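Heads up, the thing below is written out as structure tokens.
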Amino acid sequence: MPNRHLHDTVRAIEWSDDAILLLDQRLLPAQNTRIAISDAGAAAAAIRDMVVRGAPAIGITAAYAVVLAARAAWQTDRAAWRDVVQDDLDRLAASRPTAVNLFWALERMRRLMDGIDGDPVPVLLAEARRIHADDIAANHRMGELGAALVSGHAVLTHCNTGSLATGGYGTALGVIRSAYASGRIKHVYADETRPWLQGARLTAWELVQDGIPVDLICEGAAASLLRDGKVGWVIVGADRIAANGDTANKIGTYSLAVLARHHGVKFMVAAPTSTIDPATPDGAAIPIEQRPVTEVLTLAGQRVAAAGAGAWNPAFDVTPANLIDAIVTERGVIEAPDAAKIARHMAG
Ligand code: MRU
């Protein structure tokens, strides 16, 4: 019987020697390189440039970055450190627009700052560590809850939602790890996830390291795979879940939800409650990041598209709540999500 804890060996974010150590996800799987981040400006750039990515991982990095910002501000002006820190908070908030975990973490750190007396660093560092540890615990809980729903020989997932995208273990990939560890599934299909190839480079890397069998597919192969009946569930993460259950996730997720419904395959979103944004009423109100067209026009740094062609490169799309069979958070399972169920879940 596979052991759940064997299937969890990767960590993307560490706090070490007064700096954030980030595994550079742009270089995986070819190079396993860590970058030391010692100031909040560098952390904002690392988030913007995708050294670290994935909604919960962005939030955790931002929380540690607030510690770096407060340390610098405290050294600059002990009386007015809260004012000095503001520019760094703004810089971090501007790094990426869609993943609400970024804003959730910044707001949680900012609220704590209000009540601090004396050196802010120990208090803020303890809070950032708590955000990090709570995320890993939430992922393990989602893993158990989500795995209990899963049936069928295999699942299909999209983008990377694993240890690299979170504090550790993963959201959708945590459910998949737990489902594999408990013998509920035997196999994983992963979309390669053009244009940034999170599936091919990151998800496949994590699953191979953990000994979980994985086959990559081009996104265009998903319809045939689902029609063939090999896949019981499509399981994805989220960057922001609106108050009515509409869910923003990596571009291509919406297509999978439409295909899953058409073929009678179940569709699950696994995300911590820090990804649910009660202030965003529905999917139309979720800001969708547009990324550089070079990501579409090139492959591994080489131009592959015909000269003169343009590109459209939204990083995320919105899956309407009525295509989602279950949202799994650390608090429980919301089946057929809607605004009333989400409000009850968040209040409970
Ligand atoms: O652009 P990315 O790589 O940050 O997008 C990541 C995703 O879309 C993930 O599916 C989402 O953040 C959930 S991660 C647990």
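Order of appearance sets the numbers: ligands from 1, and atoms from 1 within every ligand. All values below come from the heavy atoms of this structure, side chains included, with hydrogens, waters and symmetry mates left out. Model, not experiment: these values are computed from the prediction.
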Per-atom contacts of ligand 1 with [X], taking only distances under 4.0 Å to non-hydrogen atoms:
{"X": "Pro56", "value": "14 (S), 15 (C)"}
{"X": "Ala238", "value": "11 (C), 12 (O), 13 (C)"}
{"X": "Thr166", "value": "15 (C)"}
{"X": "Arg96", "value": "1 (O), 2 (P), 4 (O)"}
{"X": "Lys250", "value": "1 (O), 2 (P), 5 (O), 8 (O)"}
{"X": "Ala165", "value": "14 (S), 15 (C)"}
{"X": "Gln198", "value": "1 (O), 2 (P), 3 (O)"}

Tell me whether the NZ or CZ atom of Arg201 lies within the 45° cone about the ring axis of Trp196 and under 6.0 Å from its centre. yes
May I ask you to establish whether Lys250 and Phe316 are in a cation-pi arrangement, using a distance under 6.0 Å from NZ or CZ to the six-membered ring centre and at most 45° from the ring axis? yes
What's the shortest distance from atom 11 (C) of ligand 1 to any protein heavy atom, and which residue and atom give it? Asp239 OD1, 3.1 Å
So which heavy atom in the protein is nearest atom 10 (O) of ligand 1, and how far is it from that ligand atom? Asn249 OD1, 2.6 Å
Between ligand 1 and [X], is the shortest N or O to N or O distance under 3.5 Å?
{"X": "Met50", "answer": "no"}
{"X": "Gly237", "answer": "no"}
{"X": "Arg53", "answer": "yes"}

Checking heavy atoms under 4.0 Å, the part of Cys159 that sits near ligand 1 is side chain
So which bit of Phe316 gets within less than 4.0 Å of ligand 1, heavy atoms only: side chain, backbone, both or neither? side chain
Between His187 and His153, what is the ring plane arrangement, given parallel below 30°, perpendicular above 60°, and tilted in between? parallel
Over 60° means perpendicular and under 30° means parallel, so classify the ring planes of His132 and Tyr64, tilted if in between. perpendicular
Has Asp191 got a side-chain atom pairing as donor or acceptor with Thr193's backbone, closer than 3.5 angstrom? no
To which of Thr247, Thr171, Ile47 does the heavy atom nearest atom 15 (C) of ligand 1 belong? Thr171
Quick one: does Thr171's side chain get under 4.5 Å of Asn139's, heavy atoms only? yes
Should Glu206 and Arg177 count as an ion pair when the cut-off is N to O under 4.0 Å? yes
Ion pair present between Glu289 and Arg291, side-chain N to carboxylate O less than 4.0 angstrom? yes
Going by atom types only, do Thr273 and Glu330 share a side-chain donor-acceptor pair under 3.5 Å? yes
Decide salt bridge (Lys or Arg N to Asp or Glu O under 4.0 Å) for Arg194 and Glu295; before the verdict, give the C-alpha distance in whole Å, the side-chain angles of both, and the deciding distance to 0.1 Å. CA-CA 9 Å; Arg194 276 285 290 155; Glu295 289 182 352; over 6 Å; no
